[in-house]
Amino acid sequence: MTSHGRPAPGASNPHPATPEQPTQPSGITDDLEQLLAVLPPSIRQTLSHHPQRNYLVEVVMDLGRQPEARFPQQTEYLSEDVISQADLDYCIERVGSFSGDNRAGIERTLHRISAIRNRQGTIIGLTCRVGRAVFGTIGMIRDLVETGKSILMLGRPGVGKTTALREIARVLADDLNKRVVIIDTSNEIAGDGDIPHPALGRARRMQVAKPELQHQVMIEAVENHMPEVIVIDEIGTELEALAARTIAERGVQLVGTAHGNRIENLIKNPTLSDLVGGIQSVTLGDDEARRRGSQKSVLERKAPPTFDIAVEMLERQRWVVHEQVSDTVDNLLRGRLPVMQVRAVDDQGKVEITEEVQSPSNPELSTYRRSRPSTSLGSDVPQVRGWRASGQMLPLQTQGRSRTVRSVPAAALPSMRSPEHQQFDQLLQESLSDRTLEDEDDALAGMPTGPNGEDLPLHVYPYAVSRQHLDQIIHTLNLPIVITKDLDHADAVLALRSHLKNHSKLKHMAQVRQLAVYAVKSNTMPQIIRALKRMLKLDDQGINEPINLNLFSRSGDGDEIEALEEARLAVEQIVIPKGQPVELLPRSAKVRKMQHELVEHYRLKSSSFGDEPNRRLRIYPA
């Protein structure tokens with residue numbers, strides 16, 4: 001350390017790099033010598049002999065401070081001497097002119113020089129960013145690029161968005177023979193000067209005089225140069241987002257980057273939310289709000305997304321792909337966890353594809369993972385077959401409203417099923433055999449006191465509520481509740497809402513005795529279960545909590561449990577995660593009623609259709 005407490009040249013910051021440095025990918029063009037040539041001699045000499053020069057990210061020079069060299073995993077001071085104004089002027093004289101966004105470059109290179117100015121406009125700091133053209137960097141999404149759909153790249157600064165954008169433009173122009181025009185606002189994609197960098201291949205570049213005019217140049221490119229693909233870097237204003245939508249509606253493929261790390265960031269950003277369809281507030285009717293289990297005012301997507309595909313670049317070799325941006329946005333707005341397709345490259349150059357669901361507490365952690373076969377770079381991505389292919393649950397046909405249903409007795413259906421259908425039957429049987437019917441017992445451990453601090457068990461006075469349902473729920477879930485017919489000994493009142501409105505005396509008596517009153521809309525199992533759990537202050541975890549099928553079964557025999565388990569699997573495996581309607585097997589009217597109540601427990605809507613004996617249930621997504 002020096003007498004001023006500064007590290008000596010070459011000393012690292014408190015976060016040193018690991019001994020092993022990442023292997024530099026093949027096919028890299030960095031023109032590093034041209035960047036070093038604009039630096040002051042003392043800094044240039046240190047970097048020229050630096051062992052990690054091939055991994056240099058940027059050089060930072062601030063007036064009155066030591067110069068820094070930044071690498072992927074560490075930062076080092078390059079000299080004991082501080083930067084003077086003469087050092088800054090030395091660099092400024094050897095680079096191009098600074099534009100309105102305080103950026104300059106070195107002609108026919110990809111390096112970027114960014115300036116920091118004081119209040120008088122004098123440059124007092126420089127960030128010299130190393131620009132590299134990396135060939136083969138988009139192997140993970142090569143199949144998506146070839147689809148012709150618009151692609152939006154998201155990620156934090158420095159993760160490689162611009163590098164990927166540059167490679168995508170070259171692949172589209174050279175390999176796919178498309179007419180590609182790049183809107184290069186800060187000359188970061190194609191480099192400084194009038195001649196684009198060779199890394200772009202046959203793609204053409206349009207420069208922008210001022211950053212605030214980028215949206216106009218975007219429209220001009222479409223009107224004047226007849227492109228098939230428009231490449232845009234850093235969409236950051238509302239005008240640019242609107243220009244991108246205009247281009248997409250004209251049938252031109254868009255490839256761009258935006259400020260934001262995840263799709264959630266764009267949804268919350270009013271300036272850029274139009275890229276994913278725009279967000280608007282919608283007021284639902286009473287019935288629809290109850291069916292969804294939400295407030296009457298909800299957020300919904302306003303229009304189709306500008307970009308069909310979104311890629312979240314979490315790391316350089318680990319990207320999250322959303323092949324249907326509209327589905328992802330709809331799921332997020334409705335409080336669902338979207339399924340993420342994660343693509344990563346292993347040491348052998350293979351693309352490993354997995355599907356994950358974010359954890360609500362930590363978006364970076366997955367609570368569910370389904371592996372998909374690995375593929376070589378640039379090969380087609382295999383399609384994954386889900387539960388819909390099993391045959392037990394039939395998705396609705398997308399075309400035509402009528403279906404021809406053969407009259408086949410329900411008892412004869414198992415013998416006519418294909419091997420795939422029989423495989424689902426086996427899965428269903430295993431699910432039934434492994435399922436425990438006392439899932440709620442652990443939740444009652446350490447039960448708190450009643451709503452007003454009463455000791456448990458809680459005495460409940462029912463009014464116009466089915467006593468049979470109450471007894472079944474309390475017995476099956478082992479709830480600490482006792483039904484009483486004496487209002488004086490009650491701790492709470494459970495009443496049917498329609499009857500409670502016309503019984504002012506009951507409300508007055510409950511108020512005098514300071515009793516909590518809970519109202520249910522109808523005499524159904526889901527309504528009563530939710531009311532009893534509210535009384536006991538049990539957290540309503542909705543569809544994530546285990547379902548005790550004995551609650552909805554009248555006799556508890558095997559046929560009823562099997563039918564309920566079929567409905568449960570349909571809801572949890574298809575309707576909720578995939579947002580698709582599902583048809584179940586034909587059942588009797590009594591069993592269908594139980595299935596309806598189970599579906600209502602998930603706050604979903606269902607209906608019966610068809611003629612006996614083939615009348616069956618159809619479950620709809622929220």
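This chain uses plain numbering: 1 for the first residue, then up along the sequence.
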Asp31 (side chain) donor-acceptor with Gln34 (main chain) under 3.5 angstrom: no
Test item: Arg108 side-chain N/O and His197 main-chain N/O as donor-acceptor pair under 3.5 Å: no
Check: His50 ring centroid to Phe71 ring centroid under 6.0 Å: yes
Asp192 CG to Ser97 OG distance, which is reported to the nearest 0.5 Å: 7.0 Å
Check against side-chain contact (heavy atoms from CB on, under 4.5 Å), Val298 and Ser281: CA-CA 6 Å; Val298 297; Ser281 179; over 6 Å; no
Ile151 CD1 to Leu165 CG distance, which is reported to the nearest 0.5 Å: 10.0 Å
Ring-face cation contact, Tyr90 with Arg94, 6.0 Å cut, 45° max: yes
Shortest non-hydrogen contact from Ala173 toward Ala203: CB-N, 3.5 Å
Closest non-hydrogen atom pair, Ile235 against Ala244: CD1-CB, 4.4 Å
Minimum heavy-atom distance between Thr237 and Leu272, given as atom pair plus value: O-CD2, 4.0 Å
Carboxylate-amine/guanidinium contact Glu234 Arg103, below 4.0 Å: yes
Pair Arg112, Asn187: side-chain N/O donor-acceptor within cut-off below 3.5 Å: no
Pair Glu76, Gln74: side-chain N/O donor-acceptor within cut-off below 3.5 Å: yes
Flag, side chain of Thr122 to backbone of Asn118, donor-acceptor distance under 3.5 Å: no
Heavy-atom pair of closest approach, residues Ala258 and Leu266: CB-CD2, 4.4 Å
Flag, side chain of Asn269 to backbone of Asn265, donor-acceptor distance under 3.5 Å: no
Neighbour count above 12 (heavy atom, 6.0 Å) for Arg179 CZ: yes
Any Ile267 side-chain heavy atom under 4.5 Å of Val329 side chain: yes
Spacing of Arg166 atom CZ and Ile182 atom CD1 [to the nearest 0.5 Å]: 9.0 Å
Under 3.5 Å: donor-acceptor pair, side chain of Glu220, backbone of Gln216: no
Nearest-0.5 Å distance that lies between atom CZ in Arg202 and atom NZ in Lys178: 13.0 Å
Side chains of Val252 and Glu228 in contact at under 4.5 Å (non-hydrogen atoms): no
Under 3.5 Å side-chain donor-acceptor pair for His322 and Glu312: yes
Donor-acceptor under 3.5 Å (Asp274 side chain, Gly278 main chain): no
Gln253 side chain to Lys149 backbone, donor-acceptor under 3.5 Å: yes
Any donor-acceptor pair under 3.5 Å from Asn102 side chain to Ser114 backbone: no
More than 12 heavy atoms of other groups within 6.0 Å of Gln45 CD: no
Distance-only side-chain donor-acceptor flag, Thr75 / Arg70, under 3.5 Å: no
Within-4.5 Å side-chain heavy-atom neighbours: Val342 and Glu352: no
N-O pairing of Arg142 and Glu146 below 4.0 Å: yes
Val208 backbone acceptor or donor facing Thr185 side chain under 3.5 Å: no
Under 3.5 Å: donor-acceptor pair, side chain of Asn331, backbone of Asp327: yes
Heavy-atom side-chain contact between Pro72 and Val57 under 4.5 Å: yes
